[in-house]
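Notes to accompany the following structure.
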Amino acid sequence: MYVVRPVEIADIAALEALAAVTMPGVHTLPKTREKIAASVERSIASFAAHVDIPSEESYLFVLESLLDKSILGTAAIFASAGSNGTYFSFRNDVIQQVSRDLNISHSVHALTLCSELTAYSQLSGFYVRNMEQAGLEAALLSRARLLFAVLAPHRFGDRFFVPLAGITDANGQSPFWDALGRKFFQMDFLDAEKVIGGARNRTLIVELMPHYPVYVPLLPGDAQAAMGQIHPSGELAFNLLTEEGFEADDYIDIFDGGPILQAHKNSLRSFTGSLTRRVVAGVTPSRTGLKVHYAIASGAERNFRAVTFTCDALEGQDTVGLPAELLEALAVAEGDSVICVRI
């Protein structure tokens, strides 16, 4: 059994151990102890802050085993993308070119540097140990961030997006970066990611990246083929996000060309499909034998907790019966309210 909860100072060593594992499909997770500690401290301050409107807050969660208290994964959500700056991405554009003298009119696919996703709420840094074998715990970790937004809507915007890592080769190099970014940064992909720390809001981006449209047909074939494609290790995250309601749109990552998924909160299952139910102690005997997997969350602010539970469908019930270990994990008592959503 697992619980998703806000990160604590005591988790830094475990997060450092997670970061030491090769994770080519995750470019938004801090890798060094210094940056991990900074993100943990920022998260703790964000959970503790009194928030009227979303601003510079970032919320970092960990997936903890209830069996041995080990940390098996992490994920984050930013209240406002590009806080302390501007979030940059490439927008897929179609430019109309017309020559009256030659009587020619045609469309050209181009990429334009833009900041239109700035101030959207951003999901980031999703990673689970042994992703290939991950089950319900991965779905819980991915969805928990949005359940927190359901419980604390004033902390987030109405629109969310998720950048997914793009295609890289066995050496961690990106054909999209090699065709475009390298020419302006004068460094390879991994070095550039290290310099910028996975962020997309640094001033040097707008200083170095081209401000004019980049004609896609002029890029090498492997760079064009990589546009909008995700790294194989990102398949789990992609599947969980599309099941939630996210869709690929007109934007791609400026470094590796990976897809950027986005959605309005009214299109996301965590918002539209969540149910508020009163807790009763003890598991209610099944009446149908048809079990449904739920993510169950409690605590709107710093005491947020989320777990998985399998029971009869809750749509026709007013209560949910939980065993003692889940009552403890959620820090709830009989009579408290929780939110439940199918996973």
Side-chain angles (χ1 to χ4, degrees), residues 2-7 26 28-29 43 46-47 51 53-55 57-64 73-81 83 87 117 119-128 134-164 234 236-249 259-277 292-309 314 320 329-330 337-343:
Y2 307 91
V3 62
V4 173
R5 59 167 175 78
V7 73
V26 185
T28 52
L29 194 66
S43 175
S46 296
F47 276 103
V51 175
I53 58 174
S55 182
E57 300 80 31
S58 66
Y59 306 94
L60 183 61
F61 300 87
V62 293
L63 175 70
E64 181 182 58
T74 182
I77 183 169
F78 294 87
S80 183
S83 60
Y87 188 92
L117 296 177
Y120 282 37
S121 293
Q122 176 191 354
L123 278 66
S124 174
F126 173 79
Y127 179 72
V128 180
L136 287 178
E137 70 275 18
L140 173 67
L141 178 62
S142 179
R143 177 157 288 137
R145 300 169 290 183
L146 294 169
L147 292 178
F148 179 66
V150 172
L151 286 165
H154 56 287
R155 291 178 176 264
F156 301 94
D158 290 337
R159 300 198 65 90
F160 296 81
F161 78 91
V162 194
L164 295 178
L236 173 61
F238 175 81
N239 292 336
L240 291 171
L241 292 165
T242 52
E243 288 172 7
E244 176 68 44
F246 283 92
E247 296 180 346
D249 208 334
I260 295 177
L261 312 183
Q262 59 174 308
H264 190 280
K265 67 179 184 181
N266 293 337
S267 300
L268 297 174
R269 284 175 53 192
S270 291
F271 286 87
T272 62
S274 59
L275 309 167
T276 301
R277 293 294 181 264
V292 179
H293 300 302
Y294 286 93
I296 299 181
S298 66
E301 306 296 332
R302 70 187 71 180
N303 294 321
F304 176 84
R305 298 288 187 275
V307 299
T308 58
F309 185 57
L314 295 174
V320 56
L330 288 169
S337 293
V338 294
I339 62 168
C340 316
V341 65
R342 294 187 182 215
I343 58 174

Considering non-hydrogen atoms only, spot the tightest contact between [X] and [Y] and give its length.
X    : Y    : value
S80  : A119 : OG-CA, 3.1 Å
L60  : S43  : N-OG, 2.8 Å
A329 : V307 : CB-CG1, 4.1 Å
S298 : V338 : CB-CG1, 4.0 Å
L164 : A237 : CD2-CB, 4.3 Å
L141 : V62  : CD1-C, 4.5 Å

Return the [atom1] to [atom2] distance between [X] and [Y], rounded to the nearest 0.5 Å.
X    : Y    : atom1 : atom2 : result
N303 : R5   : CG    : CZ    : 12.0 Å
L268 : R143 : CG    : CZ    : 9.0 Å
Q262 : F246 : CD    : CZ    : 9.5 Å
R159 : L117 : CZ    : CG    : 9.5 Å
T308 : Y294 : OG1   : OH    : 13.5 Å
I77  : F148 : CD1   : CZ    : 8.5 Å

Q: Applying ring pair (Phe, Tyr, Trp, His ring centres under 6.0 Å) between F61 and each of Y127, F47, F126, report the one that passes.
A: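 For F61, the ring pair (Phe, Tyr, Trp, His ring centres under 6.0 Å) check succeeds only for F47.
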Should [X] and [Y] count as side-chain neighbours, where that means a heavy-atom distance under 4.5 Å?
X    : Y    : value
V4   : L147 : no
P6   : R305 : yes
V7   : T74  : no
V292 : L314 : no

(Q) Less than 6.0 angstrom separating the ring centers of Y87 and Y120, yes or no? (A) no
Q. Who are the side-chain hydrogen bond (donor to acceptor under 3.5 Å, both in side chains) partners of Y59, not counting sequence neighbours?
A.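 Result, side-chain hydrogen bond (donor to acceptor under 3.5 Å, both in side chains) vs Y59: R155.
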**Q.** Residues which pass salt bridge (charged side-chain N to carboxylate O under 4.0 Å, His left out) with D249, listed by chain and number, not counting sequence neighbours
**A.** none
Between the side chain of [X] and the main-chain N/O of [Y], is any donor-acceptor distance below 3.5 Å?
X    : Y    : answer
S121 : F156 : no
R342 : G273 : no
R145 : L123 : no

Q: Please state whether the rings of F160 and F271 are parallel, tilted or perpendicular, taking 30° and 60° as the class boundaries.
A: tilted
Q.
For F238, I'd like to know if atom CZ has over 12 heavy atoms of other residues, nucleotides or ligands within 6.0 Å.
A.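 Atom CZ in F238 is not packed in, count stays at 12 or less.
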**Q.** Short side-chain donor-acceptor distance under 3.5 Å, E244 and S270
**A.**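 E244 and S270 do have a side-chain donor-acceptor pair below 3.5 Å.
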